[in-house]
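Report on one structure; see the data block that follows.
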Amino acid sequence: MANMVVARFAEGHMLKGTSLDVDPARPKCHIRTDDGMHEVKLADLKALFFVKSLHGDAKHVEGRDIAPVDPRLRGSKLVEVTFRDGEKLVGLSMRFPPKLPFFFLVPVDSASNNVRILINGEQTIGIELVDPTA
């Protein structure tokens with residue numbers, strides 16, 4: 001089954017489509033768009049968003065809070081990732097601190113269009129633990 005993805009490149013542009021071969025351990029993936037197949041180097045990305053819809057909702061403000069009793073906290077850490085461009089994302093990470101160049105973040109907002117996000121660690125300037133009880 002193809003994943004709907006939005007590739008956000010480090011220099012700013014986006015590519016929306018579907019992909020079958022995303023693997024953080026491999027340097028490239030392929031994204032099929034309406035105009036054809038594109039080979040994408042993961043190192044060129046800021047992040048790759050696995051989404052519910054390619055259209056999204058530009059008016060949606062991403063939630064940043066999670067209840068301390070949320071079962072998704074078991075086995076994961078609540079973290080805030082700060083990118084080089086200043087954007088911040090809050091989500092759940094299975095490993096903190098990340099040990100690999102690319103790592104996944106799961107949004108805490110259940111209404112988010114994002115299902116999970118593959119983060120390029122080279123494009124971050126900070127990854128901090130967040131206290132879910134704060």
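Starting from 1, each residue takes its place in the sequence as its number. Everything numeric in this text was worked out from a predicted model, so none of it was measured.
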Above 12 or not: heavy atoms from other molecules or residues under 6.0 Å from CG of D23? yes
Testing the basics here: between A2 and T18, what is the closest heavy-atom pair and its distance to 0.1 Å? CB-CB, 3.9 Å
Hydrophobic clusters here meaning ILVMFWY residues chained together by side-chain heavy-atom distances under 4.5 Å, can you tell me if L54 and F49 are in one? yes
Output, in order, the C-alpha distance, side-chain angles, deciding distance and verdict of side-chain contact (heavy atoms from CB on, under 4.5 Å) for L78 and V90. CA-CA 7 Å; L78 185 63; V90 173; 3.7 Å; yes
Could you check if a side-chain atom of E87 sits within less than 4.5 angstrom of a side-chain atom of R8, using non-hydrogen atoms only? yes
State the OG-CZ distance between S76 and R95, to the nearest 0.5 angstrom. 13.0 Å
For residues L15 and T33, determine if any side-chain heavy atom of one lies less than 4.5 Å from a side-chain heavy atom of the other. yes
According to a hydrophobic-cluster definition based on side-chain heavy atoms being under 4.5 Å apart (Ile, Leu, Val, Met, Phe, Trp, Tyr only), do L89 and F104 belong together? no
Mind checking whether M14 and V6 have side chains closer than 4.5 Å, heavy atoms only? yes
Looking at F9, does the NZ or CZ of K46 lie under 6.0 angstrom from its six-membered ring centre and within 45 degrees of the ring axis? no
Roughly how far, to the nearest 0.5 Å, is the NE2 atom of H30 from the CE atom of M37? 7.0 Å
N120 versus P101: any side-chain heavy-atom pair under 4.5 Å? no
Is there a continuous path of hydrophobic side-chain contacts, each under 4.5 Å between heavy atoms, that joins L92 to M94? no
For the residue pair G63 and V108, what are the closest heavy atoms and their distance? O-CG2, 3.6 Å
Under 6.0 Å from the NZ atom of K52, do we count more than 12 heavy atoms belonging to anything else shown? yes
Roughly how far, to the nearest 0.5 Å, is NZ of K28 from NZ of K41? 6.0 Å
Going by distance alone, is a donor N or O of one side chain under 3.5 Å from an acceptor N or O of the other, for H60 and S112? no
Do the side chains of E128 and K77 get close enough for a salt bridge, i.e. N-O under 4.0 angstrom? no
For L20 and N3, run side-chain contact (heavy atoms from CB on, under 4.5 Å): C-alpha distance rounded to whole Å, both residues' side-chain angles, the deciding distance at 0.1 Å, then the answer. CA-CA 6 Å; L20 290 168; N3 294 295; over 6 Å; no
Find the distance between SG (C29) and NE2 (H38) and round it off to the nearest 0.5 Å. 11.5 Å
For T133, does its backbone N or O pair with a side-chain atom of D131 as donor and acceptor, under 3.5 Å? yes
Taking every non-hydrogen atom, the tightest pair across N114 and P107: O-CG, 3.2 Å
Answer yes if the side chains of N113 and H55 hold a donor-acceptor pair under 3.5 Å, and no otherwise. no
Exam field: side chain S93 to backbone F96, donor-acceptor pair closer than 3.5 Å: no
I119 versus T124: any side-chain heavy-atom pair under 4.5 Å? yes
Is there a side-chain contact (heavy atoms from CB on, under 4.5 Å) between L48 and I31 once you walk through the steps? CA-CA 11 Å; L48 183 66; I31 298 176; 4.2 Å; yes
Does V130 share a hydrophobic cluster with V106, counting links as ILVMFWY side-chain heavy atoms below 4.5 Å and allowing steps through other members? yes
For the pair D109 and R64, find out whether any cationic side-chain nitrogen is under 4.0 Å from an anionic carboxylate oxygen. no
Whether D70 and R72 form a salt bridge (side-chain N of Lys/Arg under 4.0 Å from carboxylate O of Asp/Glu) is what I want to check. yes
Would you please test R84 and E122 for side-chain contact (heavy atoms from CB on, under 4.5 Å) and show each step? CA-CA 9 Å; R84 291 178 187 235; E122 288 292 317; 4.3 Å; yes
Over 12 non-hydrogen atoms of neighbours within 6.0 angstrom of CG in D34: no
Between L100 and P24, is any pair of side-chain heavy atoms under 4.5 Å apart? no
Check for me, please, whether V51 and L118 land in the same ILVMFWY cluster - side-chain distances under 4.5 Å, paths through other members count. no
Do R26 and D21 make a side-chain contact, defined as non-hydrogen atoms from C-beta onward lying under 4.5 Å apart? yes
